[in-house]
Colleague: 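Pasting in a structure now, in C-alpha cells, and then I'll have a few things to ask.
In listed order, ligands and their atoms are each counted from 1. Because the structure is predicted, anything quoted here is derived from the model rather than measured. Computed over heavy atoms, backbone and side chain alike; hydrogens, waters and symmetry mates excluded.
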Amino acid sequence: MRAGPPPAPDPLEVARLAEARTAVLLRIAAACARTGRDPRAVTLVAVSKTVPPERLRAAVAAGHDVLGENRVQEAAAKIPEVPGPRWHLVGPLQANKARRAVELFDVLEAVDSAELARRLDRVAGEVRPGRRLPVLLEVNIDADPAKAGFLADAARAALAGLLDLPNLDVRGLMTIGRLAATAEDARRTFAALRALAADLRRAHPRLGPDLSMGMTDDFEVAVEEGATIVRVGRALFGERPAAL
Ligand SMILES: *Cc1c(COP(=O)(O)O)cnc(C)c1O
C-alpha cells in the first residue's frame with residue numbers, strides 16, 4: 001500500500017494534455033457541425049494503453065473522464081493508481097479474464113462472441129448483481145479474416161439471445177476499421193456499421209444506440225458517419241512504442 005495520496009501531476013504535462021484534448025474535441029465538433037450533429041452525443045474515449053499511471057493522472061486533471069485500455073492485465077495494474085475516470089475495455093477479452101474485466105471496467109466494448117457474452121452475463125450477475133453491465137458487440141463489418149468480432153450475419157442471428165441476457169445491457173456496436181490508406185477509405189466501413197445497427201434496431205429495438213468507431217487516423221470520418229464513441233490514443237498521448 002502507498003503511504004499517502006499520489007503526488008499532484010506535473011502542471012506542464014497537464015497543460016500539454018489539455019491542449020491535445022481540446023484539439024481533438026474541436027475536430028469532433030467540426031465533424032459534427034459538417035453533419036448537423038450535436039457534439040455532446042459523441043464520447044471521447046482516451047485510449048491510454050502503454051501510458052503510465054502518473055501521466056494518466058495528468059490526463060484526468062486535463063479533463064479526460066473516460067479512459068480506454070486494451071489489456072486486462074495492464075489495466076489491472078493502472079486503474080487503482082488513477083482515480084476518477086470511467087474505464088472502457090476496447091481490446092479483446094479472453095474468457096479466463098472475464099471476471100477481472102467485469103470487476104475493473106465500466107463498459108466492455110469488444111464483446112466478440114455469444115459465448116463470451118453469456119459468460120460475462122453469468123459473471124456480472126455475481127460481481128455486480130442488480131446493475132447490468134454495459135457492453136458493445138464488436139462487429140467485423142469488413143469480414144476481415146485477420147479481425148475478431150461477429151460477422152454481420154452472425155450478429156443478426158445472435159442478437160435476440162444476447163438482448164435477453166439479464167445482466168448485460170447491450171448498448172450498441174463497435175468496430176475496428178480495416179487498415180485504410182486514407183480516412184476516406186474508412187468511411188465505407190463506418191457507414192456499413194451504422195447501416196447494420198439501424199437494420200438490427202428495426203428488428204430489435206432494445207439494441208442500444210451506441211456506435212463505437214474511429215481512432216486517431218479516422219475519427220472525424222467516423223463522427224461524420226454517426227459514431228457516438230470515438231477511441232483516440234495517439235492524437236492525445238503521442239506515438240506509442242513500436243509494436244503496440
Ligand atoms: C489502440 C486502440 C485505439 C486507439 O488507436 P489510436 O490509433 O492510437 O488512436 C482504438 N481502439 C482500439 C481497439 C485500440 O486497440
Colleague: Closer than 4.0 angstrom, basic N to acidic O: yes or no for R37 and E224?
Modeller: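 No.
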Colleague: For the pair R202 and D199, find out whether any cationic side-chain nitrogen is under 4.0 Å from an anionic carboxylate oxygen.
Modeller: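 Salt bridge present between R202 and D199.
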Colleague: When the side chains of residues 107-115 are checked against the rest of the protein, which donor-acceptor pairs come out under 3.5 Å, sequence neighbours left out?
Modeller:
residue: E109; atom: OE1; partner: S212; partner atom: OG; Å: 2.7
residue: E109; atom: OE2; partner: H88; partner atom: ND1; Å: 2.6
residue: S113; atom: OG; partner: L116; partner atom: N; Å: 3.0

Colleague: Please determine if R206 and D164 form a salt bridge, counting it only when a charged side-chain N lies under 4.0 Å from a carboxylate O.
Modeller: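 Salt bridge: yes.
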Colleague: Would you say D217 and ligand 1 have an N/O pair spaced under 3.5 Å apart?
Modeller: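 In this structure, D217 places no N or O atom under 3.5 Å from an N or O of ligand 1.
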Colleague: Of M213, H88, R240, E239, which has the heavy atom at the shortest distance from atom 5 (O) of ligand 1?
Modeller: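 Looking at heavy atoms only, the winner is R240.
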Colleague: Mark up the atoms of ligand 1 that fall under 4.0 Å of a heavy atom belonging to R231, in ascending order.
Modeller: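 With R231 as reference, the close atoms of ligand 1 come out as 4 (C), 9 (O), 10 (C), 11 (N), 12 (C), 13 (C).
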Colleague: Could you list which atoms of ligand 1 come closer than 4.0 Å to a heavy atom of I176?
Modeller: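 Counting atoms of ligand 1 from 1, those under 4.0 Å from I176 are 13 (C).
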Colleague: For ligand 1, which atoms have a heavy atom of V232 less than 4.0 angstrom away?
Modeller: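 Answer, ordered by atom number: 9 (O).
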Colleague: Using distance alone, determine whether G233 and ligand 1 share an N or O pair under 3.5 Å.
Modeller: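 N/O-N/O distance below 3.5 Å exists for this pair.
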Colleague: Would you compute the distance between atom CZ of R187 and atom OG1 of T182 and round it to the nearest 0.5 angstrom?
Modeller: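 Rounded to the nearest 0.5 Å, the CZ-OG1 separation comes out at 9.5 Å.
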Colleague: Side-chain donor-acceptor pair under 3.5 Å between T175 and E138, yes or no?
Modeller: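 No donor-acceptor contact under 3.5 Å links the two side chains.
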Colleague: Can you sort out which atoms of ligand 1 are near T216, meaning under 4.0 Å from one of its heavy atoms?
Modeller: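 Reading through ligand 1 atom by atom, the close ones are 6 (P), 7 (O), 8 (O), 9 (O).
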